[in-house]
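Working notes, beginning with the structure itself.
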Number of protein chains: 2
Amino acid sequence: MVTKQLGGLPEHADLTRADSLAREIFSDVANKWALLIINVLDDRTLRFSELRREVEGISHKMLTQNLRMMERNGLLVREVHPTVPPRVEYTLTEPGRALQRMVNGMCDWTQRYLGHIEGSRRRFDDA
Amino acid sequence: MVTKQLGGLPEHADLTRADSLAREIFSDVANKWALLIINVLDDRTLRFSELRREVEGISHKMLTQNLRMMERNGLLVREVHPTVPPRVEYTLTEPGRALQRMVNGMCDWTQRYLGHIEGSRRRFDDA
DNA sequence: CGGAATCCTTTAGGATACTG
DNA sequence: CAGTATCCTAAAGGATTCCG
(Lines give C-alpha, C1' and ligand atoms only; values in the text may rest on other atoms or scores of the structure.)
Protein backbone atom coordinates (compact mmCIF):
# COMPACT_ATOMS: atom_id res chain seq x y z
CA MET A 1 0.00 0.00 0.00
CA VAL A 2 1.91 2.58 -1.07
CA THR A 3 0.56 5.43 -2.76
CA LYS A 4 1.62 8.95 -2.12
CA GLN A 5 -2.04 9.61 -2.21
CA LEU A 6 -3.46 11.75 0.43
CA GLY A 7 -6.06 13.99 -0.82
CA GLY A 8 -7.92 11.42 -2.73
CA LEU A 9 -6.66 12.20 -6.16
CA PRO A 10 -5.02 9.20 -7.76
CA GLU A 11 -1.32 9.68 -7.37
CA HIS A 12 1.48 7.67 -8.90
CA ALA A 13 2.52 4.56 -7.10
CA ASP A 14 5.64 5.02 -5.04
CA LEU A 15 7.68 1.86 -4.96
CA THR A 16 10.49 3.47 -3.09
CA ARG A 17 8.50 2.95 0.08
CA ALA A 18 6.52 -0.02 -1.09
CA ASP A 19 5.85 -3.20 0.77
CA SER A 20 8.20 -6.04 0.07
CA LEU A 21 5.93 -7.88 -2.36
CA ALA A 22 5.59 -4.89 -4.68
CA ARG A 23 9.32 -4.24 -4.49
CA GLU A 24 10.06 -7.84 -5.28
CA ILE A 25 7.78 -7.82 -8.31
CA PHE A 26 9.28 -4.57 -9.53
CA SER A 27 12.78 -6.00 -9.16
CA ASP A 28 11.79 -9.08 -11.13
CA VAL A 29 10.35 -7.01 -13.91
CA ALA A 30 12.78 -4.09 -14.03
CA ASN A 31 15.60 -6.09 -15.52
CA LYS A 32 17.06 -5.91 -18.96
CA TRP A 33 16.35 -9.45 -20.15
CA ALA A 34 12.75 -9.58 -18.97
CA LEU A 35 12.01 -6.27 -20.66
CA LEU A 36 13.64 -7.32 -23.90
CA ILE A 37 11.70 -10.59 -23.94
CA ILE A 38 8.45 -8.69 -23.40
CA ASN A 39 9.36 -6.32 -26.19
CA VAL A 40 10.10 -9.03 -28.70
CA LEU A 41 7.12 -11.21 -27.78
CA ASP A 42 4.71 -8.38 -28.40
CA ASP A 43 1.36 -9.90 -29.36
CA ARG A 44 2.87 -12.94 -30.96
CA THR A 45 3.22 -16.54 -29.87
CA LEU A 46 6.80 -17.70 -30.11
CA ARG A 47 8.71 -20.88 -29.50
CA PHE A 48 11.67 -21.09 -27.19
CA SER A 49 14.09 -21.30 -30.09
CA GLU A 50 12.50 -18.35 -31.86
CA LEU A 51 12.84 -16.22 -28.74
CA ARG A 52 16.41 -17.36 -28.42
CA ARG A 53 17.11 -16.14 -31.92
CA GLU A 54 15.21 -12.87 -31.64
CA VAL A 55 16.41 -11.67 -28.26
CA GLU A 56 19.88 -10.86 -29.38
CA GLY A 57 22.64 -11.93 -27.09
CA ILE A 58 20.62 -13.86 -24.56
CA SER A 59 21.97 -17.21 -23.45
CA HIS A 60 20.00 -20.41 -23.22
CA LYS A 61 20.18 -20.25 -19.46
CA MET A 62 19.05 -16.66 -19.06
CA LEU A 63 16.15 -17.24 -21.42
CA THR A 64 14.76 -20.23 -19.51
CA GLN A 65 15.38 -18.53 -16.19
CA ASN A 66 13.54 -15.37 -17.19
CA LEU A 67 10.70 -17.26 -18.91
CA ARG A 68 10.10 -19.25 -15.71
CA MET A 69 10.06 -16.10 -13.63
CA MET A 70 7.69 -14.37 -16.02
CA GLU A 71 5.38 -17.36 -16.11
CA ARG A 72 5.37 -17.46 -12.32
CA ASN A 73 4.41 -13.81 -12.18
CA GLY A 74 1.65 -14.32 -14.72
CA LEU A 75 3.23 -12.19 -17.45
CA LEU A 76 3.07 -14.96 -20.00
CA VAL A 77 1.70 -18.44 -20.53
CA ARG A 78 3.67 -21.47 -21.51
CA GLU A 79 2.05 -24.07 -23.75
CA VAL A 80 3.68 -27.45 -24.18
CA HIS A 81 2.74 -29.49 -27.20
CA PRO A 82 3.57 -33.11 -26.46
CA THR A 83 4.95 -33.84 -29.86
CA VAL A 84 8.34 -35.09 -30.71
CA PRO A 85 10.42 -33.11 -30.88
CA PRO A 86 8.66 -31.02 -28.23
CA ARG A 87 7.16 -27.70 -29.15
CA VAL A 88 6.82 -25.08 -26.43
CA GLU A 89 5.19 -21.73 -27.08
CA TYR A 90 5.07 -18.53 -25.10
CA THR A 91 2.43 -15.80 -25.23
CA LEU A 92 1.98 -12.64 -23.17
CA THR A 93 -1.06 -12.48 -20.89
CA GLU A 94 -3.15 -9.35 -20.51
CA PRO A 95 -0.98 -8.06 -17.63
CA GLY A 96 2.06 -8.89 -19.72
CA ARG A 97 0.69 -6.90 -22.63
CA ALA A 98 -0.07 -3.96 -20.38
CA LEU A 99 3.55 -3.98 -19.34
CA GLN A 100 4.60 -4.40 -22.93
CA ARG A 101 3.08 -1.07 -23.87
CA MET A 102 5.35 0.63 -21.34
CA VAL A 103 8.37 -1.30 -22.47
CA ASN A 104 7.70 -0.17 -26.01
CA GLY A 105 7.55 3.35 -24.65
CA MET A 106 10.97 2.90 -23.13
CA CYS A 107 12.37 1.53 -26.37
CA ASP A 108 10.92 4.44 -28.29
CA TRP A 109 12.37 6.77 -25.68
CA THR A 110 15.80 5.29 -26.23
CA GLN A 111 15.56 5.81 -29.98
CA ARG A 112 14.19 9.29 -29.64
CA TYR A 113 16.87 10.62 -27.29
CA LEU A 114 19.77 8.70 -28.75
CA GLY A 115 21.37 11.82 -30.14
CA HIS A 116 20.80 13.83 -26.99
CA ILE A 117 22.31 11.09 -24.86
CA GLU A 118 25.29 10.64 -27.14
CA GLY A 119 26.02 14.36 -26.86
CA SER A 120 25.58 14.39 -23.12
CA ARG A 121 28.01 11.52 -22.82
CA ARG A 122 30.66 13.24 -24.88
CA ARG A 123 30.38 16.38 -22.78
CA PHE A 124 30.55 14.38 -19.58
CA ASP A 125 33.51 12.31 -20.66
CA ASP A 126 35.53 15.36 -21.68
CA ALA A 127 35.18 16.93 -18.27
CA MET B 1 1.73 -4.54 -34.74
CA VAL B 2 4.50 -6.02 -34.64
CA THR B 3 5.92 -6.06 -37.75
CA LYS B 4 9.04 -4.93 -36.47
CA GLN B 5 10.24 -3.69 -39.64
CA LEU B 6 11.26 -1.75 -42.12
CA GLY B 7 8.64 -0.81 -44.55
CA GLY B 8 8.23 2.76 -43.51
CA LEU B 9 5.36 2.95 -41.09
CA PRO B 10 6.35 4.15 -37.64
CA GLU B 11 6.67 0.97 -35.67
CA HIS B 12 7.80 0.40 -32.15
CA ALA B 13 11.50 0.51 -31.65
CA ASP B 14 13.01 -2.93 -31.49
CA LEU B 15 15.99 -3.00 -29.23
CA THR B 16 16.48 -6.69 -29.59
CA ARG B 17 18.19 -6.01 -32.86
CA ALA B 18 19.35 -2.52 -32.09
CA ASP B 19 22.78 -1.10 -32.56
CA SER B 20 25.16 -1.34 -29.68
CA LEU B 21 24.73 2.26 -28.50
CA ALA B 22 20.97 1.89 -28.10
CA ARG B 23 21.41 -1.42 -26.37
CA GLU B 24 23.94 0.07 -24.01
CA ILE B 25 21.66 2.95 -23.10
CA PHE B 26 18.74 0.61 -22.57
CA SER B 27 20.86 -1.55 -20.29
CA ASP B 28 21.91 1.50 -18.29
CA VAL B 29 18.35 2.63 -17.85
CA ALA B 30 16.55 -0.69 -17.47
CA ASN B 31 17.88 -1.36 -14.01
CA LYS B 32 16.08 -1.32 -10.74
CA TRP B 33 17.99 1.43 -8.96
CA ALA B 34 17.97 3.90 -11.82
CA LEU B 35 14.23 3.47 -12.27
CA LEU B 36 13.55 3.91 -8.57
CA ILE B 37 15.67 7.06 -8.46
CA ILE B 38 13.77 8.48 -11.41
CA ASN B 39 10.48 7.62 -9.75
CA VAL B 40 11.35 9.33 -6.49
CA LEU B 41 12.92 12.39 -8.07
CA ASP B 42 9.77 13.11 -10.01
CA ASP B 43 9.66 16.83 -10.66
CA ARG B 44 11.51 17.76 -7.51
CA THR B 45 15.05 18.85 -6.78
CA LEU B 46 16.65 16.69 -4.12
CA ARG B 47 19.93 16.53 -2.28
CA PHE B 48 22.09 13.44 -2.21
CA SER B 49 21.13 12.72 1.39
CA GLU B 50 17.46 13.18 0.66
CA LEU B 51 17.61 10.72 -2.20
CA ARG B 52 19.51 8.34 0.03
CA ARG B 53 16.68 8.48 2.53
CA GLU B 54 13.83 8.28 0.03
CA VAL B 55 15.08 5.49 -2.19
CA GLU B 56 14.58 2.77 0.33
CA GLY B 57 17.36 0.26 0.64
CA ILE B 58 19.87 1.90 -1.68
CA SER B 59 23.45 2.04 -0.51
CA HIS B 60 25.69 5.10 -0.60
CA LYS B 61 27.75 3.46 -3.29
CA MET B 62 24.87 2.45 -5.55
CA LEU B 63 23.34 5.90 -5.28
CA THR B 64 26.48 7.75 -6.37
CA GLN B 65 27.19 5.21 -9.05
CA ASN B 66 23.72 5.48 -10.56
CA LEU B 67 23.60 9.26 -10.23
CA ARG B 68 26.87 9.53 -12.17
CA MET B 69 25.58 7.23 -14.86
CA MET B 70 22.32 9.13 -15.13
CA GLU B 71 24.12 12.47 -15.28
CA ARG B 72 26.38 11.13 -18.01
CA ASN B 73 23.35 10.03 -20.03
CA GLY B 74 21.69 13.39 -19.56
CA LEU B 75 18.78 12.11 -17.46
CA LEU B 76 19.47 14.56 -14.68
CA VAL B 77 21.60 17.54 -13.79
CA ARG B 78 23.88 17.81 -10.81
CA GLU B 79 24.28 21.20 -9.15
CA VAL B 80 27.05 21.74 -6.64
CA HIS B 81 26.72 24.61 -4.18
CA PRO B 82 30.19 25.45 -2.92
CA THR B 83 29.13 25.93 0.66
CA VAL B 84 30.42 24.17 3.69
CA PRO B 85 29.22 21.59 4.23
CA PRO B 86 28.69 21.02 0.52
CA ARG B 87 25.19 20.94 -0.92
CA VAL B 88 24.60 18.93 -4.07
CA GLU B 89 21.23 18.83 -5.77
CA TYR B 90 19.78 16.62 -8.48
CA THR B 91 16.97 17.40 -10.91
CA LEU B 92 15.56 15.43 -13.84
CA THR B 93 16.07 16.90 -17.30
CA GLU B 94 13.38 16.85 -19.96
CA PRO B 95 14.51 13.44 -21.28
CA GLY B 96 14.63 12.27 -17.69
CA ARG B 97 11.09 13.41 -17.13
CA ALA B 98 9.90 11.72 -20.28
CA LEU B 99 11.31 8.49 -18.94
CA GLN B 100 9.81 9.19 -15.56
CA ARG B 101 6.32 9.09 -17.00
CA MET B 102 6.95 5.55 -18.17
CA VAL B 103 8.50 4.52 -14.89
CA ASN B 104 5.41 5.78 -13.11
CA GLY B 105 3.41 3.67 -15.49
CA MET B 106 5.41 0.64 -14.46
CA CYS B 107 4.93 1.41 -10.77
CA ASP B 108 1.20 1.81 -11.28
CA TRP B 109 1.21 -1.45 -13.21
CA THR B 110 2.83 -3.21 -10.28
CA GLN B 111 0.19 -1.90 -7.91
CA ARG B 112 -2.67 -2.70 -10.21
CA TYR B 113 -1.70 -6.30 -10.88
CA LEU B 114 -0.40 -7.10 -7.43
CA GLY B 115 -3.29 -9.38 -6.63
CA HIS B 116 -3.17 -11.10 -10.00
CA ILE B 117 0.53 -11.71 -9.67
CA GLU B 118 0.24 -13.01 -6.13
CA GLY B 119 -2.38 -15.52 -7.29
CA SER B 120 -0.31 -16.57 -10.28
CA ARG B 121 2.66 -17.15 -8.02
CA ARG B 122 0.71 -19.35 -5.65
CA ARG B 123 -0.61 -21.45 -8.50
CA PHE B 124 2.84 -21.79 -9.98
CA ASP B 125 4.50 -22.68 -6.71
CA ASP B 126 1.96 -25.39 -5.96
CA ALA B 127 2.62 -27.16 -9.22
C1' DC C 1 27.92 16.46 3.25
C1' DG C 2 29.05 14.29 -0.83
C1' DG C 3 32.24 11.43 -2.92
C1' DA C 4 36.13 8.24 -3.92
C1' DA C 5 38.64 4.13 -2.99
C1' DT C 6 39.34 -0.28 -0.88
C1' DC C 7 38.09 -4.83 0.38
C1' DC C 8 35.21 -8.56 0.38
C1' DT C 9 30.87 -11.32 -0.37
C1' DT C 10 27.04 -12.46 -3.26
C1' DT C 11 24.83 -12.91 -7.41
C1' DA C 12 24.54 -12.88 -12.44
C1' DG C 13 25.47 -15.16 -16.12
C1' DG C 14 28.35 -17.95 -19.77
C1' DA C 15 29.93 -22.69 -21.35
C1' DT C 16 29.23 -27.27 -21.39
C1' DA C 17 27.24 -31.70 -20.89
C1' DC C 18 23.26 -34.63 -20.20
C1' DT C 19 18.04 -36.02 -20.44
C1' DG C 20 13.23 -36.99 -22.32
C1' DC D 1 13.67 -29.02 -29.18
C1' DA D 2 13.32 -27.61 -24.60
C1' DG D 3 14.95 -28.02 -20.18
C1' DT D 4 18.08 -29.07 -16.12
C1' DA D 5 22.36 -29.28 -13.74
C1' DT D 6 27.21 -28.24 -12.96
C1' DC D 7 31.11 -25.54 -12.97
C1' DC D 8 33.37 -21.38 -13.11
C1' DT D 9 34.31 -16.49 -14.04
C1' DA D 10 32.79 -11.65 -14.06
C1' DA D 11 30.06 -8.27 -12.37
C1' DA D 12 26.98 -6.28 -8.73
C1' DG D 13 26.76 -4.51 -4.60
C1' DG D 14 27.53 -3.91 0.74
C1' DA D 15 30.64 -2.12 4.48
C1' DT D 16 34.15 0.65 5.71
C1' DT D 17 37.53 4.20 5.59
C1' DC D 18 39.56 8.48 4.13
C1' DC D 19 39.28 13.16 1.78
C1' DG D 20 37.77 18.11 0.47
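On a predicted model such as this, the values are computed, not experimentally measured, just so you know. Lettering follows sequence order; numbering is per chain, from 1.
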> Salt bridge or not for R72(A) and D125(B), using N-O below 4.0 Å?
Replying inline: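 Result for this pair is yes, salt bridge flagged.
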> Below 4.0 angstrom, N of the basic side chain to O of the carboxylate: do E94(B) and R101(B) qualify?
Replying inline: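 Yes, this pair counts.
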>> For Watson-Crick and G-U wobble pairs within 3.5 Å on both distances, what is DNA chain C written in dot-bracket notation, | included for inter-strand pairing?
In response: .|||||||||||||||||||
>> Testing the basics here: between G105(B) and M102(A), what is the closest heavy-atom pair and its distance to 0.1 Å?
In response: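 Closest pair (atom of G105(B), atom of M102(A), distance): C-SD, 3.0 Å.
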> What's the shortest heavy-atom distance between R52(A) and H60(A), and which atoms?
Replying inline: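 Closest heavy-atom pair between R52(A) and H60(A): CZ-N, 3.5 Å.
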> Does the side chain of E50(A) reach to within under 4.5 Å of the side chain of R44(A), using non-hydrogen atoms?
Replying inline: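 Side-chain contact under 4.5 Å: no.
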> Does R47(A) reach the side chain of R53(A), with side-chain heavy atoms less than 4.5 Å apart?
Replying inline: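 A side-chain contact under 4.5 Å is absent here.
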> From the 5' end of DNA chain C to its 3' end, which nucleotides mark the outer limits of contact with chain A, defined by a 4.0 Å heavy-atom distance cut-off (strictly under)?
Replying inline: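 The contacted stretch runs from dG13(C) to dG20(C).
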> Within a reach of under 6.0 Å around CZ of R112(A), are more than 12 heavy atoms found that belong to other residues, nucleotides or ligands?
Replying inline: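 No, CZ of R112(A) has 12 or fewer neighbouring heavy atoms, counting only those of other groups under 6.0 Å.
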>> Please determine whether the number of non-hydrogen atoms from other residues, nucleotides or ligands lying under 6.0 Å from atom CZ of R68(A) exceeds 12.
In response: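 Buried by this count: over 12 neighbours within 6.0 Å.
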> Taking it one step at a time, do L21(A) and I25(A) satisfy side chain to side chain contact (heavy atoms under 4.5 Å, CB included)?
Replying inline: CA-CA 6 Å; L21(A) 179 62; I25(A) 292 168; 4.0 Å; yes
> Going by number, which of residues 58-67 of chain B have a non-hydrogen atom under 4.0 Å from DNA chain D?
Replying inline: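 Residues of residues 58-67 of chain B that come under 4.0 Å of DNA chain D are, in numerical order, S59(B), K61(B), M62(B).
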> Listed in order of residue number, which residues of residues 72-89 of chain A have a non-hydrogen atom at under 4.0 Å from DNA chain D?
Replying inline: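 Correct list: R78(A), P85(A), P86(A), V88(A).
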> Nucleotide range of DNA chain D contacted by chain B, 5' to 3', under 4.0 Å to a heavy atom?
Replying inline: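 So the contact region on DNA chain D extends dG13(D) to dG20(D).
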> Which residues satisfy the side chain to side chain contact (heavy atoms under 4.5 Å, CB included) test with S59(B), sequence neighbours excluded?
Replying inline: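 For S59(B) the side chain to side chain contact (heavy atoms under 4.5 Å, CB included) partners, ignoring immediate neighbours, are K61(B), M62(B).
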[atom1] of [X] to [atom2] of [Y]: how many Å apart, nearest 0.5 Å?
| X | Y | atom1 | atom2 | result |
| --- | --- | --- | --- | --- |
| R97(A) | I38(A) | CZ | CD1 | 12.0 Å |
| Y90(B) | I37(B) | OH | CD1 | 9.5 Å |
| Q100(A) | N39(A) | CD | CG | 7.0 Å |

> Using a cut-off of 4.0 Å on non-hydrogen atoms, how would the nucleic acid contact of R52(B) be classed: base, sugar-phosphate, or nothing?
Replying inline: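 Result for R52(B) = nothing.
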> Taking the side chain from N31(A) and the backbone from W33(A), do they hold a donor-acceptor pair closer than 3.5 Å?
Replying inline: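 Such a contact is found between N31(A) side chain and W33(A) backbone.
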> Is there a side chain to side chain contact (heavy atoms under 4.5 Å, CB included) between T64(B) and F48(B) once you walk through the steps?
Replying inline: CA-CA 8 Å; T64(B) 29; F48(B) 183 87; 3.5 Å; yes
